[in-house]
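What you see is a predicted model; the values in this text were computed from it and never measured.
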Amino acid sequence: MTGSDPGPVTLQGSYDLCRELNRRHGTTYYWAARLLPRVKRHHVHALYGFCRHADDIVDDLGPVPVDVRAKALADLGARLFEDLDAGRSDDPVLKAVVHTVRAFDLDPDHFRRFLRSMEMDLTVTEYETWDDLLEYMDGSAAVIGELMLPLLEPLDPDAARPGAIALGHAFQLTNFLRDVAEDLDRGRVYLPMEDVRAAGWDPVDRCVSPAWERLARGQIDRCRRLYAEADRGIALLPEESAAAILAARVLYGEILDRIEAAGLDVFSARARVPTARKLAVAGRIQARARLRSVAHRQRRRVRG
């Protein structure tokens, strides 16, 4: 993607590219972001665009050797930090990213943590314990919640941060469960190996079995505990921000519901929430938020 543009990229063109990446590859986040004020949506797309660009280097370059992927990822990081120092970029993706970082004074270290986890994906194929997996998820999930907080503008960012991190973990663990088969194709297992052994599951056995059921149910329970912690953080967000994050939370929670409805079979088909359902959930939450906002303004007028 980088370097493929035949001419200078405009800031709007960069944001448009990031939005298209979000629309094509992260539809849940895309439709949830539409509940944010228009002035903030493009910044969410920029963050997603960067993450997607890095993920494509790690996973979607076909038979490209690991050392070539590693160099491409390192080059992306070097270009990002050089452009952040310069305060501008001519890269089709990074132009919007740099603008967003400067607009919200985002901590560049968050991007270093993210890129570190992407580097781990090049060589690490399994994680022994939940704590080991959390080390990977620090950069691949928790940091996304932390990057989003300044855009969401909670009144007390420190109080909201644990919930944002928990939601990032919950989203990613949901993905890990849904994508078990796809990850196995890449030679990876993103479930704690001590849990895998305790359940008696062999990753070679790509079918629903009592062992898989024990493992999957344990991870689903863990995931729902993370969502419960995240809900407490969502309650600390302003109404317009809470609606968008709640929509994403509800829709990702429904992925777990669909996995359970399929008898925990994540091997035959990928659990999906249809676009029509995403639109319905987003619309319902937005309408509810508007009603609460109107009621709040009326109460303020009465008190005034």
Side-chain angles (χ1 to χ4, degrees), residues 21-36 41 44-45 47-49 51-52 55 114 117 130 133-134 136-149 151-152 160-183 190-191 215-237 241-262 264-266 269-286 288-289:
L21 287 170
N22 199 168
R23 188 190 68 79
R24 280 194 279 123
H25 299 288
T27 55
T28 295
Y29 300 128
Y30 177 80
W31 290 112
R34 288 180 66 84
L35 273 63
L36 289 171
R41 293 176 202 165
V44 176
H45 298 323
L47 295 178
Y48 183 92
C51 294
R52 182 69 203 188
D55 192 60
F114 173 79
S117 289
W130 173 243
L133 188 58
L134 282 177
Y136 167 77
M137 293 167 71
D138 171 72
S140 63
V143 77
I144 307 304
E146 293 180 73
L147 280 168
M148 283 290 296
L149 270 183
L151 280 66
L152 301 175
R161 185 167 292 107
I165 291 172
L167 188 59
H169 289 158
F171 284 165
Q172 184 144 72
L173 185 54
T174 300
N175 282 338
F176 289 161
L177 283 164
R178 180 191 61 189
D179 298 337
V180 163
E182 181 180 328
D183 291 331
Y190 286 111
L191 302 176
L215 177 61
R217 291 196 184 283
Q219 303 308 312
I220 288 173
D221 289 345
R222 170 178 277 154
C223 207
R224 289 201 164 117
R225 290 194 296 271
L226 288 167
Y227 279 125
E229 182 179 353
D231 289 342
R232 293 190 286 274
I234 294 173
L236 300 176
L237 297 176
S241 297
I245 302 306
L246 180 60
R249 181 260 183 267
V250 168
L251 291 169
Y252 256 83
E254 289 193 7
I255 293 174
L256 295 181
D257 296 338
R258 289 172 185 270
I259 289 173
E260 289 183 315
L264 304 179
D265 184 2
V266 296
R270 194 170 189 257
R272 295 180 182 275
V273 177
T275 299
R277 175 62 179 166
K278 293 175 183 178
L279 291 172
V281 168
R284 186 181 72 243
I285 290 174
Q286 185 177 47
R288 190 185 306 158

Note to self: Test of understanding: with ring pair (Phe, Tyr, Trp, His ring centres under 6.0 Å), list the residues that count as partners of F176, not counting sequence neighbours.
What the structure shows: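 With neighbours one apart ignored, the set is Y190.
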What's the shortest heavy-atom distance between [X] and [Y], and which atoms?
X: R277; Y: L251; result: O-CD2, 4.2 Å
X: K278; Y: V273; result: CE-O, 3.1 Å
X: A33; Y: R41; result: O-CG, 3.2 Å

### Query
Is any side-chain heavy atom of L47 less than 4.5 Å from a side-chain heavy atom of I144?
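Not in contact.
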Checklist entry - Do L35 and I285 have side chains that get closer than 4.5 Å, going by heavy atoms? => result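 Yes; the side chains approach each other to less than 4.5 Å.
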query: Any salt bridge (Lys or Arg N to Asp or Glu O under 4.0 Å) pairs touching residues 223-236, not counting sequence neighbours?
result: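 For residues 223-236, and leaving out neighbouring residues, the salt bridge (Lys or Arg N to Asp or Glu O under 4.0 Å) pairs sorted by first residue read R224-D257, R224-E260, D231-R249.
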Next item on the list: Could you label the plane-to-plane angle of the Y252 and F171 rings as parallel, tilted or perpendicular, counting under 30° as parallel and over 60° as perpendicular?
Entry: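 If you compare the ring of Y252 with that of F171, the planes turn out tilted.
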[Y] backbone acceptor or donor facing [X] side chain under 3.5 Å:
X: D179; Y: D183; value: no
X: Y29; Y: Y48; value: no
X: S117; Y: Y136; value: yes
X: T174; Y: A170; value: yes

*Should we say atom CZ of R222 is surrounded by more than 12 heavy atoms from elsewhere, each under 6.0 Å from it?*
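Atom CZ in R222 is packed in, count exceeds 12.
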